[in-house]
Amino acid sequence: MEIKATINGDEIVKNINPNKRLVDFLRDDMNLKSVKEGCSEGECGACTVLLDKKAVTSCTLFAGQIDGCEITTVEGLEKTGELELIMKSFSKNGAIQCGFCTPGMIMSAKALFYKNSNPSKDEIIKAIEGNLCRCTGYNKIVKSIEEVRDGIEHE
Amino acid sequence: MNKNFRYIGKRIERDDSLDKARGKALYLDDIEKNNMLHGKIYMSNKPHAFVSINKESALKVEGVTHVFTYEDVPKNLYCSHQWFPGADVVEDENILQKKARFVGDRIALILGESKEAVNKGIKALEVSYDELEPVIGIDEAKKDRSIINGDTNLAFSKILSCGDADSAFNECDYIIEDEGSTPKVHHSAIENHGCLSEMDEFNNIVVYAPCQVVFQVRHIIAKALDYPYSKIRVKKITIGGSFGGKGMPILETVCAFASLKTGRPVKITMNRSETIMGSRSRNSTRIKIKTGFNKDGKIIARKIDAEVDGGGHFTNAAAVTMAMGKKAFRLYKIKNQVFNGKSYYTNTVPGGACRGYGSPQIHAISEINIDNCAKKINMDPVKFRLINAVDPGDKDPIGAPELGNARIKDCLIQGAEAFNWVERKKHIKRKNTSRYSYGIGVAAGTHGNGYKGAFPDFTNVNISILPNNRIWIKIGIHDLGCGTVLTMQQIAAEVFKISTKNIDVPQGDTFISPYDSAGTQASRVTFVCGGAVKKASEVIVNKMLENYTKLFGCSLEDIIYEDGYIWTKNNDKISYGDLADLVESKLESNLEVSVKYNSPGNPAVYAASFVEVKVDNYSGLVEVEDILAVHDLGQAINKTLVEGQIEGGAQMSIGMALSEEIEYRKDGTVKTDNFSKYHIINSPSMPQVKSLLIEDGEPGGPFGAKSVGEITAVTPGPAVINAINDALSCNICDHPATPERIIKAVLNK
Amino acid sequence: MNKSIFTAPKSLDELKTALSKKTHNTYIVAGGTDLAVGMNKNKIYDFSLIDITKIKELKKIEYKDDLIEIGSCVRMVDLEDNEIINKYVPSLSKAASCIGSTQIRNLATIGGNIANAAQCADTVAVLFAFDAEVEIINSIGEIRKELVYDVIQGIGQTTLKDDEVIIKVIVKGQEANEYSSFSKIGARKTVTISKINACIKLALNDNKITDSRVYIGSIGVKAVRSLLIENALNNKVFNEELKEKILELGSKQVLDSIPKRKSKDYKKIAVKGILDDIFCDIEKRRNLDE
């Protein structure tokens with residue numbers, strides 16, 4: 001089927017297999033390797049992307065469903081410069097260890113900021129409740145997001 | 001000790017984190033090769049059965065190219081746990097099994113041109129099972145009704161002892177006995193298992209593996225395929241977490257076999273359920289502890305009976321049992337102690353390394369028992385521990401290496417003060433409501449620094465100073481996410497007096513890295529590999545200085561070197577790289593050294609955790625309200641990395657205490673086969689971890705450093721359980737303390 | 001050979017047409033949170049889909065003639081944030097906010113929650129307590145109404161026929177003197193499947209309960225109405241003493257409903273927790289109103 005969608009700012013018209021999961025479409029057809037697969041059931045959040053600016057797990061959607069929608073991954077945030085502050089905050093604060101959960105974690109944080117530019121610590125914690133991390137214990141991730149909220153810039 | 005460090009202890013950022021955030025770091029499943037075949041393991045659906053396979057229907061699926069079974073693979077038995085040929089093990093694994101020993105065992109490999117084709121092939125494959133009675137759990141194994149391997153399910157047993165516990169119990173004022181269990185824990189690295197291999201132009205098998213020990217992977221493949229070591233190139237690639245789970249090769253032998261057989265690149269991946277069922281797990285245990293002590297709180301004798309569920313293959317059945325036993329002798333001074341460890345085959349996922357390697361299990365029960373001893377004589381549990389804790393310089397009572405600068409007492413004293421333990425203990429019950437009960441708990445623990453005393457523990461380092469002013473360090477390390485590369489960079493930077501940004505430390509690659517005896521496991525990397533890097537850096541810096549004297553005709557004392565430059569009063573600054581250039585041009589040499597480094601010892605590391613919990617009397621849900629983790633780690637190489645270990649270790653340990661367990665049904669199938677049922681701690685359930693570091697320097701360690709990564713996962717859990725038992729005045733010893741278990745304990749009070 | 005067809009109707013009329021072409025191999029997809037996961041897990045690749053999320057009117061929440069109409073493709077996040085739902089069916093907002101993770105709540109729909117008929121479906125206990133109805137359309141465009149309670153027959157079982165789709169949920173909002181709340185308990189604080197959940201709706205006149213509805217989920221194939229608790233609530237003064245009594249009756253209800261299940265030992269205590277939560281929440285809302 002032919003779909004029309006905006007992926008990371010680019011409008012694409014593409015013939016795709018609509019039955020593929022969105023995660024497979026993004027990784028295999030669009031070569032967006034930031035989208036990671038960790039559990040295939042929407043529980044770990046590694047495959048989180050933005051669907052019309054809302055965080056969704058891309059393993060729980062069919063690719064055909066994004067027709068007419070806007071999809072954003074960290075590759076897209078990098079293009080617009082929106083990744084800069086948050087990625088540096090994560091790096092500086094030691095919020096990235098193995099890094100496998102990181103892109104998904106960043107997308108959840110980004111979705112939160114789209115909805116609420118001044119979230120409380122509890123709101124930050126809730127925004128990443130669906131993003132599992134086994135390395136960091138979340139503390140440094142939460143701190144990184146708080147610093148982005150507070151506009152703290154890192155070299 | 002001189003603490004005016006330039007790089008050691010500093011919060012330097014790691015090199016790899018920005019690429020990880022940008023999605024540019026390539027993990028296994030992100031790598032594609034031309035002409036690559038996709039592969040999937042067909043895992044047994046039955047726990048204990050001889051399998052027969054009809055390949056035809058799978059081969060008919062469009063895009064499926066090959067189906068391999070036991071009939072097709074070399075029949076060389078191996079043990080995936082064996083990291084060097086001298087490790088004494090039972091070899092009972094095949095590349096693909098004829099007899100499945102657990103649900104998840106590898107029984108066939110399907111290759112195809114696409115993932116979809118392979119999945120369809122898996123679905124189409126006809127497998128019939130000649131079922132044997134499954135052995136699920138230690139109790140079932142002990143009956144020896146159905147035997148998994150050899151003539152008994154008892155895989156290993158060993159007694160460790162000092163003094164004479166049996167007669168010493170007669171002299172004790174009190175004896176306290178406890179019995180408890182610990183669960184099979186899934187490592188839960190967010191990246192699942194995967195492997196990729198190909199044949200290169202020289203007929204070498206090249207294996208891309210997110211692994212912990214490249215030389216182990218090479219050894220096992222060589223053994224399984226009867227292929228020369230020198231023609232197997234194992235490259236450690238970026239890994240999405242391991243925690244021990246990716247230590248033993250699971251897919252590597254299969255993948256290498258497939259490339260050798262087909263001549264094509266082959267990528268095999270597992271999904272979450274397959275990783276939970278078909279990789280490795282923390283061994284579950286049942287532990288009985290009897291402690292005899294006097295009214296003044298001094299422990300006189302202790303007896304520990306530990307039973308370990310080893311799973312379907314031998315793997316680490318001996319190693320983990322020994323590891324548990326040895327730890328029991330290194331935390332408290334107990335003159336008379338006997339540890340009786342037994343591990344059993346069962347038809348469940350095989351045991352493997354898992355952060356802490358036995359320490360989380362043994363301490364889970366022993367630290368509850370210590371609390372119960374203190375309670376018996378109405379003594380504060382911190383005080384009870386202090387009375388019995390080891391001192392710096394103590395010897396190991398069963399002849400293992402000395403404990404080194406053992407600072408457990410500092411952990412307990414400084415931790416209790418920082419936590420305000422005494423005051424909080426007095427007033428905690430005032431917080432109680434009809435709905436919630438509050439309690440506080442403490443636990444102590446110990447772990448090691450490598451293999452010294454048990455297995456060969458040495459490594460080789462090759463360092464060069466390159467003309468572009470870069471330092472190139474070749475050593476067989478594996479960054480599992482902990483920041484191992486940066487740790488090596490900071491150690492070298494301190495010696496070289498050059499920024500970490502100028503130092504390159506590529507990770508394990510059997511064609512590049514000089515031989516390393518034991519890999520990135522056993523808490524050995526900072527202490528042993530870091531020590532090696534420090535030593536080799538010193539050797540090459542001396543070489544650099546000597547060469548400078550030859551070139552510039554000065555004496556060693558005249559030389560100043562700093563920030564990557566070297567000079568004297570009379571000579572202008574030149575970079576280390578310029579010097580390397582001159583050494584080659586003028587002296588026909590280069591700045592390169594190779595150093596073999598043997599571990600100088602195996603000191604212990606120590607930790608204590610202090611915890612406050614809030615227990616919901618109705619739901620049985622526990623919230624960890626506050627946690628302080630104190631670590632005796634000698635010297636932090638990088639404080640941010642250290643805190644990252646402590647916070648992550650706490651997440652794992654609290655998970656083991658409260659919610660994590662791979663549960664088996666009686667028929668051997670796995671109940672908790674994904675994250676919707678296997679609950680790790682998520683952000684709302686994770687407390688803010690406060691950490692306190694005791695940095696008193698370990699003499700044998702690089703700049704006084706010793707390990708921290710594994711010990712972090714030892715004490716938070718038992719402190720949580722002790723806090724729950726304090727809150728509810730009960731004695732929960734079985735892990736995890738699920739809401740159901742907590743409510744049951746309250747009702748049975 | 002089955003050909004995979006993907007259809008995304010944009011109107012009810014187009015939906016009707018799509019349904020008329022539906023084969024046994026065609027699945028209705030809304031949020032996808034269960035279907036996409038299930039297809040992948042079961043390695044099914046050849047199937048057809050009707051994506052109903054592009055039908056605008058299924059995404060609306062409207063207050064019409066005293067009734068609230070919730071399109072079947074309204075997502076959990078909408079229920080959580082929507083002012084009408086917050087005001088008139090606050091327990092539904094609460095239930096929606098407790099489902100899954102942020103990512104799942106951004107996809108999962110109320111229609112899907114009903115059609116999947118999971119034993120522990122969180123919005124369902126609330127819809128039962130509110131006597132909510134659904135509107136169902138079929139392939140010839142007929143629309144029928146049925147109580148949510150009647151649509152759900154058992155675990156994964158509904159009265160929905162092969163050519164039928166839920167298009168709307170209709171709820172009568174609570175009056176100014178009515179209160180409702182929802183609570184659940186799972187294996188951890190958040191992102192967890194309910195082990196037990198409940199919804200209570202009360203009418204209060206001068207602090208006296210004049211009417212009540214109580215449904216408890218996960219103690220039967222679908223949420224169970226507790227007449228035991230309702231009878232104890234009706235005509236009583238809403239206070240701490242009553243709460244204590246209700247907690248005890250909660251235990252009794254669990255034992256009555258699942259006398260033989262092993263999980264009763266836990267659920268008989270856990271139910272007190274959710275009833276306590278609900279009482280506290282209603283108390284809080286009442287104080288806010290005063």
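By convention in this document, chain letters (A, B, ...) are assigned in the order of the sequence lines, proteins followed by strands, and residues within each chain are numbered from 1.
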Determine which donor-acceptor pairs between chain A and chain C fall under 3.5 Å and list them with their distances.
{"from": "A:N19", "atom 1": "ND2", "to": "C:S4", "atom 2": "OG", "distance (Å)": "3.3"}
{"from": "A:N19", "atom 1": "ND2", "to": "C:Y45", "atom 2": "O", "distance (Å)": "3.3"}
{"from": "A:N19", "atom 1": "ND2", "to": "C:F47", "atom 2": "O", "distance (Å)": "2.7"}
{"from": "A:T48", "atom 1": "OG1", "to": "C:Q103", "atom 2": "NE2", "distance (Å)": "2.9"}
{"from": "A:A55", "atom 1": "O", "to": "C:N106", "atom 2": "ND2", "distance (Å)": "2.7"}
{"from": "A:Q65", "atom 1": "O", "to": "C:K54", "atom 2": "NZ", "distance (Å)": "2.7"}
{"from": "A:Q65", "atom 1": "NE2", "to": "C:A30", "atom 2": "O", "distance (Å)": "2.8"}
{"from": "A:Q65", "atom 1": "NE2", "to": "C:D51", "atom 2": "OD1", "distance (Å)": "3.3"}
{"from": "A:D67", "atom 1": "O", "to": "C:K54", "atom 2": "NZ", "distance (Å)": "2.9"}
{"from": "A:S108", "atom 1": "OG", "to": "C:Q103", "atom 2": "NE2", "distance (Å)": "3.3"}
{"from": "A:K115", "atom 1": "NZ", "to": "C:D81", "atom 2": "OD2", "distance (Å)": "3.1"}
{"from": "A:K126", "atom 1": "O", "to": "C:T102", "atom 2": "OG1", "distance (Å)": "3.3"}
{"from": "A:E129", "atom 1": "OE2", "to": "C:T102", "atom 2": "N", "distance (Å)": "3.4"}
{"from": "A:E129", "atom 1": "OE2", "to": "C:R105", "atom 2": "NH1", "distance (Å)": "2.9"}
{"from": "A:E129", "atom 1": "OE2", "to": "C:R105", "atom 2": "NH2", "distance (Å)": "2.9"}
{"from": "A:N131", "atom 1": "OD1", "to": "C:Q103", "atom 2": "NE2", "distance (Å)": "2.9"}

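- Residues satisfying the ring pair (Phe, Tyr, Trp, His ring centres under 6.0 Å) criterion with A:F62, sequence neighbours excluded, are C:F47.
- The parts of C:L35 that come within reach of chain A are both its backbone and its side chain, each placing non-hydrogen atoms under 4.5 angstrom from that chain.
- The part of A:L51 that comes within reach of chain C is its side chain, from C-beta onward, which places non-hydrogen atoms under 4.5 angstrom from that chain.
- Heavy-atom proximity under 4.5 angstrom to chain C picks out nothing from residues 139-148 of chain A.
- Annotation: residues 77-97 of chain A contacts chain C through no residue [non-hydrogen atoms, separation under 4.5 Å].
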